[in-house]
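Scroll down for the structure; my scribbles are underneath it.
The sequence lines fix the lettering, A, B, ..., with proteins before strands; numbering per chain opens at 1. No experiment lies behind these values; they were computed from the predicted model shown.
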Amino acid sequence: MNAERTTISEAGTHVGETVQIPGWLYNMRKSGKIVFPLLRDGTGVMQCVAVKSALPENLFETIKNLTQESSVIFTGKIRADERAPGGYEMDVENVEVVQRVPESDAYPITPKEHGIEFLMDHRHLWLRSQRQHAIARVRHEVVRAVRDYFDSHGFTLVDTPIFTPAACEGTTNLFEVNYFEDQKAYLTQSGQLYNEANAMAFGKVYCFGPTFRAEKSKTRRHLTEFWMVEPEMAYADLDEVKRVAEELIVFIVGRVLELRRPELKALERHVSKLEAIKAPFPRISYDEAVKILHSKSSEIQWGGDFGGTDETLLSEGYDRPLMVDRYPTAVKAFYMQPDPERPEVAMGVDVLAPEGYGEIIGGGQRIHDAALLLRRIEEHNLPKDAFNWYIDLRKYGSVPHGGFGMGIERCVAWLCGLEHLREAIAFPRMIYRLRP
RNA sequence: UCCUCAGUAGCUCAAUGGUAGAGCAUUCGGCUGUUAACCGAAGGGUUGUAGGUUCGAGUCCUACCUGAGGAGCCA
């Protein structure tokens with residue numbers, strides 16, 4: 001039989017034709033002399049129909065005795081049917097069983113409920129479920145939108161190293177690795193410092209890759225390995241950083257709404273919440289944020305950083321991402337440009353996603369004055385020698401510049417309405433989970 | 001590192017200190033339009049580990065292990 005091979009997503013273009021679809025058995029409902037195998041092929045799930053009277057005896061028995069997640073190649077005629085969830089069904093004419101999962105070692109993830117521990121232990125199989133499939137496709141769309149946005153706005157992709165000789169910020173939250181016999185290296189927690197060098201070479205750059213934080217955080221908002229996109233722009237001030245961050249988010253949300261509606265529906269995401277994401281985003285200062293928090297009976301003191309609850313309290317008053325700028329210089333990184341009119345606050349901005357999803361973007365304007373940068377490095381007790389190259393950037397044609405980092409998983413979790421970041425990446429790495 | 005909660009059948013969960021049970025999954029039987037299909041039957045257990053209290057512990061106590069949620073820290 002030489003039927004044309006196709007996919008479930010393309011089945012609608014083959015109505016009336018006999019085609020071949022390779023995939024896996026997702027589930028099967030049986031009713032005596034008629035069975036309904038659900039075929040999954042990575043592009044979708046399609047209900048097939050096998051009728052005993054229309055098939056050779058042994059073929060019908062083969063189909064009827066298939067087990068969940070067995071790999072199969074179904075051949076049959078595509079038919080539009082209102083009763084089918086996807087709109088199309090296949091009347092099965094033949095099946096090639098590539099590998100039949102034995103009953104003695106049945107597929108562990110059944111169509112019923114499972115606990116998170118079990119599912120995380122079987123993450124390599126859990127990815128086959130429709131929900132995980134939808135999340136992965138939204139993530140793909142987010143990544144594609146990020147790249148399209150920067151690629152079409154004059155940014156050059158210049159990726160930064162994963163191995164770094166020293167910390168960008170503190171040293172306590174870095175993963176240390178042996179670098180041959182006598183050296184230590186650290187896994188990057190941000191490409192920003194190198195990004196600044198790249199920005200002085202190319203004007204506008206971005207890097208996009210995994211970052212690592214050895215913080216012992218055990219919450220739904222933390223991973224030890226996550227993906228971050230970081231743009232950096234020469235001749236950009238804080239307002240420009242905020243403008244780009246806003247434009248990027250609006251672009252991403254628009255793309256996901258345009259191309260991933262079926263996935264959002266599968267995730268039961270309230271699309272109206274995402275349709276509200278339009279420029280301009282509300283912009284408030286840290287000072288105002290503290291006042292708002294006090295009015296909501298938070299006990300935050302001026303000078304402290306926001307906790308998870310504070311971020312939720314702040315964002316709940318808005319239907320779109322909230323930009324908070326001018327944090328106390330003391331709680332921010334050493335390279336943050338102080339406000340010339342109020343040196344006690346820094347020209348940094350955090351973007352808090354709505355619905356309590358917290359900080360998805362952090363960034364700001366960097367110090368461009370060599371003397372000030374040197375002073376900050378000393379104040380933070382950082383090893384000056386390690387930063388000589390970074391200080392060079394202020395010696396040879398220094399310009400005001402800035403950028404930000406956006407956490408991909410937090411962005412995906414927000415767009416998908418996930419309760420936990422661990423579902424936003426295929427194989428999450430968390431403090432107490434390194435497998436599978 | 002700290003706080004809270006939880007570990008019972010392959011999975012999700014019940015079980016007043018007194019004979020360990022149900023649903024799903026699996027196997028067998030029934031059903032030609034099912035939508036997490038349904039109906040009937042069967043098999044399936046060292047109750048996370050080690051101690052302790054008790055006539056008797058899944059249940060109470062101690063320690064440890066594993067996991068979950070949170071705090072601090074952070075995207």
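Here the separation of B:C31 from B:A14, taken at their C1' atoms, is 32 Å to the nearest Å. Remark: the separation of the P atoms in B:A6 and B:A42 is 35 Å, to the nearest Å. Here, B:G18 and B:C13 have their C1' atoms 23 Å apart, quoted to the whole Å. Comparing the C1' positions of B:G69 and B:G51 gives a spacing of 29 Å, expressed to the nearest Å. For the P atoms, the distance from B:C61 to B:G45 is 29 Å, rounded to whole Å. B:U16 and B:G58 have their P atoms separated by 13 Å, with the value rounded to a whole Å. Straight-line distance between the C1' atoms of B:A57 and B:G17: roughly 7 Å, to the nearest whole Å.
Ring stacking is absent between A:Tyr432 and B:G67, as the pair misses the limits of under 5.5 Å between centres and under 30 degrees between planes.
Note: A:Tyr149 and A:Phe155 have tilted aromatic rings, judged against thresholds of 30 and 60 degrees for the angle between ring planes.
Applying the 6.0 Å contact sphere to CZ of A:Phe427 captures more than 12 heavy atoms from other residues, nucleotides or ligands.
Atom CZ of A:Arg213 is separated from atom P of B:A75 by 5 Å (rounded to the nearest Å). One can place CZ of A:Phe306 at 13 Å from P of B:G72, the figure rounded to the nearest angstrom.
Scanning atom types as modelled, no donor and acceptor separated by under 3.5 angstrom connect the side chain of A:Glu117 and the base of B:U66. Put simply, the side chain of A:Thr67 and the base of B:U26 share no donor and acceptor less than 3.5 Å apart. The base of B:G23 lies outside donor-acceptor range of the side chain of A:Glu113, with no N or O pair under 3.5 Å. For A:Arg410 and B:C74, a side-chain-to-base donor-acceptor distance below 3.5 Å is present, hydrogens and geometry of angles not being considered. Applying the 3.5 Å distance criterion, the base of B:C74 shares a donor-acceptor pair with the side chain of A:His222.
Salt-bridge check for A:Arg326 with A:Asp339: passed, with a basic side-chain N closer than 4.0 Å to an acidic carboxylate O. Remark: A:Arg243 does not engage A:Glu246 in a salt bridge, criterion side-chain N to carboxylate O under 4.0 Å. A:Arg269 and A:Glu355 are joined by a salt bridge, as a carboxylate oxygen and a charged side-chain nitrogen come within less than 4.0 angstrom of each other.
Using a 4.0 Å heavy-atom criterion, one finds that A:Leu223 contacts the bases of the nucleic acid, with or without backbone contacts as well. Within 4.0 Å of A:Lys30, counting heavy atoms only, lies at least one base atom of the nucleic acid. Using a 4.0 Å heavy-atom distance criterion, A:Gly407 is classed as making no nucleic acid contact.
Taking the ring centroids of A:Tyr107 and A:Tyr26, they lie at or beyond the 6.0 Å cut-off.
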Set out, line by line, the N/O atom pairs under 3.5 Å between protein and nucleotides 69-71 of chain B.
unit_1: B:G69; atom_1: OP1; unit_2: A:His420; atom_2: NE2; d: 3.3
unit_1: B:G69; atom_1: OP1; unit_2: A:Arg422; atom_2: NH1; d: 2.8
unit_1: B:G69; atom_1: OP1; unit_2: A:Arg422; atom_2: NH2; d: 3.0
unit_1: B:G69; atom_1: O3'; unit_2: A:Arg220; atom_2: NH2; d: 3.0
unit_1: B:G70; atom_1: OP1; unit_2: A:Arg220; atom_2: NE; d: 2.1
unit_1: B:G70; atom_1: OP1; unit_2: A:Arg220; atom_2: NH2; d: 2.6
unit_1: B:G70; atom_1: OP2; unit_2: A:Arg220; atom_2: N; d: 2.8
unit_1: B:G70; atom_1: N7; unit_2: A:Lys218; atom_2: O; d: 2.9
unit_1: B:A71; atom_1: N6; unit_2: A:Lys216; atom_2: O; d: 3.4

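Side chain to side chain, A:Asp81 and A:Tyr88 fail the donor-acceptor criterion of an N or O pair below 3.5 Å.
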(message) A:Tyr286 vs A:Phe306, test: ring-ring contact (aromatic ring centres under 6.0 Å, His included). Steps then yes/no.
(response) CA-CA 10 Å; A:Tyr286 174 88; A:Phe306 302 135; 5.3 Å; yes

